[in-house]
Trainee: 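One structure, as structure tokens, below. Some questions next.
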Amino acid sequence: MRWVVGFVLLLFFLVPPAYTNACENSLLKIMYKDSVTEITVEIADTYSKRKKGLMFRDSLDLDSGMLFVYDNPGKVGFWMKNTLISLDIAFADKRGEVVRVVPNTEPLSLDLIYGGKDIQYVLEINAGLSEEMNLFVGSELLHPLINQNTARSC
């Protein structure tokens, strides 16, 4: 019986699964018209992760960002308290469509950055990179956490 358990464990580690996810959890695609940009994202999908966000960091890789995921659409506001780097912030609805982009936020500011109502996803990237990354109002964010209930895969 021990050899059966050992054999099953060996197969588990040596044989890749028969299925593959359409995209990695850390990979986000930004689609605008016919252009697609891929970036690596950290996921903030719990209250504590969303609360901390990118605070206390002195840098962010150029091809990366943080994706904030809320359980349901709602009113969303951010501030830059304890955030040391300037960011571009994109607010998206439940389908992942960007409805507002706030460029070049002011580090350490306590001013409210209102994203709007019916917001379910927020993407933060380095300030000034929105255009380069195709991040505009009307862009579509593609990620398994966003698109799990839609026909379009990332």
Trainee: Parallel, tilted or perpendicular for F136 and Y32, by the 30°/60° rule?
Mentor: tilted

Trainee: Taking salt bridge (charged side-chain N to carboxylate O under 4.0 Å, His left out) as the definition, give me every residue that meets it alongside K49, ordered by chain and number, with sequence neighbours left out.
Mentor: D45

Trainee: V122 and side-chain contact (heavy atoms from CB on, under 4.5 Å): which partner among I113, V69, V76?
Mentor: V76

Trainee: May I have the step-by-step check of side-chain contact (heavy atoms from CB on, under 4.5 Å) for L110 and W79, ending in yes or no?
Mentor: CA-CA 6 Å; L110 298 181; W79 64 358; 3.9 Å; yes

Trainee: Measuring only between side-chain heavy atoms, which start at C-beta, is L54 closer than 4.5 Å to E124?
Mentor: yes

Trainee: Check side chain to side chain donor-acceptor pair (under 3.5 Å) between S139 and all other residues, then give those that pass, not counting sequence neighbours.
Mentor: none

Trainee: If you look at every heavy atom in L145 and Y121, which pair is closest and at what distance?
Mentor: O-OH, 3.5 Å

Trainee: Looking at every non-hydrogen atom in both residues, tell me the closest pair between V99 and V137 and how far apart they are.
Mentor: O-CG2, 3.8 Å

Trainee: What is the minimum heavy-atom distance between G96 and I146, and which atoms define it?
Mentor: CA-CG2, 3.7 Å

Trainee: Can you give me the closest heavy-atom contact between D88 and L129, atom names plus distance?
Mentor: OD2-N, 3.2 Å

Trainee: Is the closest side-chain heavy-atom distance between H143 and L67 below 4.5 Å?
Mentor: yes

Trainee: Does some side-chain heavy atom of I30 sit less than 4.5 Å from a side-chain heavy atom of V36?
Mentor: no

Trainee: Hydrophobic clustering (ILVMFWY, side-chain heavy atoms < 4.5 Å, transitive) - are V41 and Y70 grouped together?
Mentor: no

Trainee: Would a 4.5 Å heavy-atom cut-off, applied to side chains only, mark P73 and D93 as touching?
Mentor: no

Trainee: Measuring from atom NZ of K33 to atom CG of N134, what distance do you get when rounded to the nearest 0.5 angstrom?
Mentor: 10.5 Å

Trainee: For the backbone of G116 and the side chain of R100, can you confirm whether one donor and one acceptor N or O come within less than 3.5 Å of each other?
Mentor: no

Trainee: Could you check whether F91 and Y114 have their ring centres less than 6.0 Å apart?
Mentor: no

Trainee: Distance check, rounded to the nearest 0.5 Å: N82 atom CG versus K52 atom NZ?
Mentor: 11.0 Å

Trainee: Using 0.5 Å steps for rounding, measure from the CE atom of M133 to the CG atom of D63.
Mentor: 6.5 Å

Trainee: How close do R50 and F68 get, heavy atom to heavy atom, and via which atoms?
Mentor: O-CE2, 3.5 Å

Trainee: Looking at E97, I'd like to know if its CD atom is crowded, meaning that more than 12 non-hydrogen atoms belonging to other residues, nucleotides or ligands lie closer than 6.0 Å.
Mentor: yes

Trainee: So, for Q120 and D71, which heavy atoms are closest and what is the spacing to 0.1 Å?
Mentor: NE2-O, 3.1 Å

Trainee: Enter the distance from M80:CE to E106:CD here, rounded to the nearest 0.5 Å.
Mentor: 8.5 Å

Trainee: Flag the pair E38 / L27 as yes when at least one side-chain heavy-atom distance between them is below 4.5 Å, and no otherwise.
Mentor: yes

Trainee: For L60, does its backbone N or O pair with a side-chain atom of N126 as donor and acceptor, under 3.5 Å?
Mentor: yes

Trainee: Indicate if V102 and I125 have the same hydrophobic cluster label, given that clusters are the connected sets of ILVMFWY residues with side-chain heavy-atom separations under 4.5 angstrom.
Mentor: no

Trainee: Going by heavy atoms in the side chains, are I89 and V101 under 4.5 Å from each other?
Mentor: no

Trainee: Roughly how far apart are L62 CG and I39 CD1, rounded to 0.5 Å?
Mentor: 11.0 Å

Trainee: Applying salt bridge (charged side-chain N to carboxylate O under 4.0 Å, His left out), name anything that partners E42, two or more places apart in sequence or on another chain.
Mentor: R57

Trainee: Does some side-chain heavy atom of T83 sit less than 4.5 Å from a side-chain heavy atom of P107?
Mentor: no

Trainee: Given L141 and L28, is the side-chain contact (heavy atoms from CB on, under 4.5 Å) satisfied, shown in steps?
Mentor: CA-CA 7 Å; L141 304 180; L28 174 100; 4.2 Å; yes

Trainee: I need the L87 CG to F78 CZ distance, nearest 0.5 Å.
Mentor: 10.0 Å

